[in-house]
Amino acid sequence: MIIKECKMPLKIEVLEALIRRLPPGYAKQSAIQEDIKKIRAGYNGEYRVFNLLKALPEKDYLLFHDLRLSSSPYPFQMDILILTPSFLLILEVKNMAGEIYFDNTFNQLIRTNPDGKTEAFDDPILQVSRQRRHLLDWLKTKRMNNLPVETLVISANSSTIIRASNKEINTKIIRKDRILLKIAELNNKYKEELLSRRAMKRISSLLLDGHTPFIPKPLETYRIPSTALQTGVFCFKCHAYSMERQRKWICRTCLDTSHDAHISALLDYLYLVKPSITNSEFRNFLQIRSPSSTKKLLASLKLKHSGHNRGRVYLLHSLIEG
Ligand SMILES: [Zn+2]
């Protein structure tokens, strides 16, 4: 049963907003594009693996995508977690094209691109065993000491060539098509049911309650000053900050119109600048001339707010909380 669905990471949307807000030709743009590509590939791999897991009997397998649990000193994140009556299984998914080589000696993963370029990454086996340790600690704080936690690294790309310095690695990393077989093996290893349905439900809600979503801070990450961001309301047709507020939004260049173009501008503000906005910040960021349309637009959004008059602060989180 899917407890936490496989959804596109917020970070992709945030970085795409950042790209749009940066002036054309801004130096860090290609690095950000490259990161978007990597995150997207990672997500595609997780999505493919998650889909295969949907074939598992619903009541015995609870599936969680992208769970991030708080633990000291830092939260830890797991690509996919499976909770069964007899064990837990953490999956670390890799979706890399070309050839990957597991180097045991230096604990690194070396990827050779189809174009021959090599790149080193942290060893995913080490990564997932660290997650295991954190999860065991976390379970201990919930007074669950006796649950076995298994780990696997999954290669989600069927065309990837996998090589390793050590043969035994093939028990720790598998291709995605072997995942159901591997889970059947684990079922044989852990025959005893340690958790009742009720206990599984309880752990499942503890896991969901413990989830702390990752809030990207892209300006900090890429060291971009907020003054570098273009202001105004974006026209998605001609790709410029050329929308003007009349009765509705109308593009000065292509004359395209929109009723709600201010919402995507506010989302940009939430993603890139901060989670709250004042009336004058709203006016400046969206480049609205008339104070009365600013007021009307803000009121129409029915955002939660605090403070009064000029000091009023509108909270933007409700824009993404559905
Ligand atoms: Zn336009």
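Order of appearance sets the numbers: ligands from 1, and atoms from 1 within every ligand. This is a predicted model, so every value here is computed, not measured.
- For the pair Lys142 and Trp138, the cation-pi test (distance below 6.0 Å, angle within 45°) is passed.
- Counting only protein atoms, the N, O or S atoms lying less than 2.8 Å from the Zn ion (ligand 1) are Cys235 SG, Cys238 SG, Cys251 SG, Cys254 SG, ordered by chain and residue number.
- No hydrogens or angles considered: nothing links the side chains of Glu5 and His65 as a donor-acceptor pair under 3.5 Å.
- Side-chain atoms of Arg111 and Asn113 form a donor-acceptor pair, as typed in the model, at a separation below 3.5 Å.
- Ring centers of Tyr269 and Tyr271: at least 6.0 Å apart, outside the cut-off.
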Please step through salt bridge (Lys or Arg N to Asp or Glu O under 4.0 Å) for the pair Glu244 and Arg289, ending with a clear verdict. CA-CA 9 Å; Glu244 231 170 44; Arg289 276 195 217 113; 3.7 Å; yes
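- Counting only heavy atoms from C-beta outward, the side chains of Leu219 and Leu18 approach each other to under 4.5 Å.
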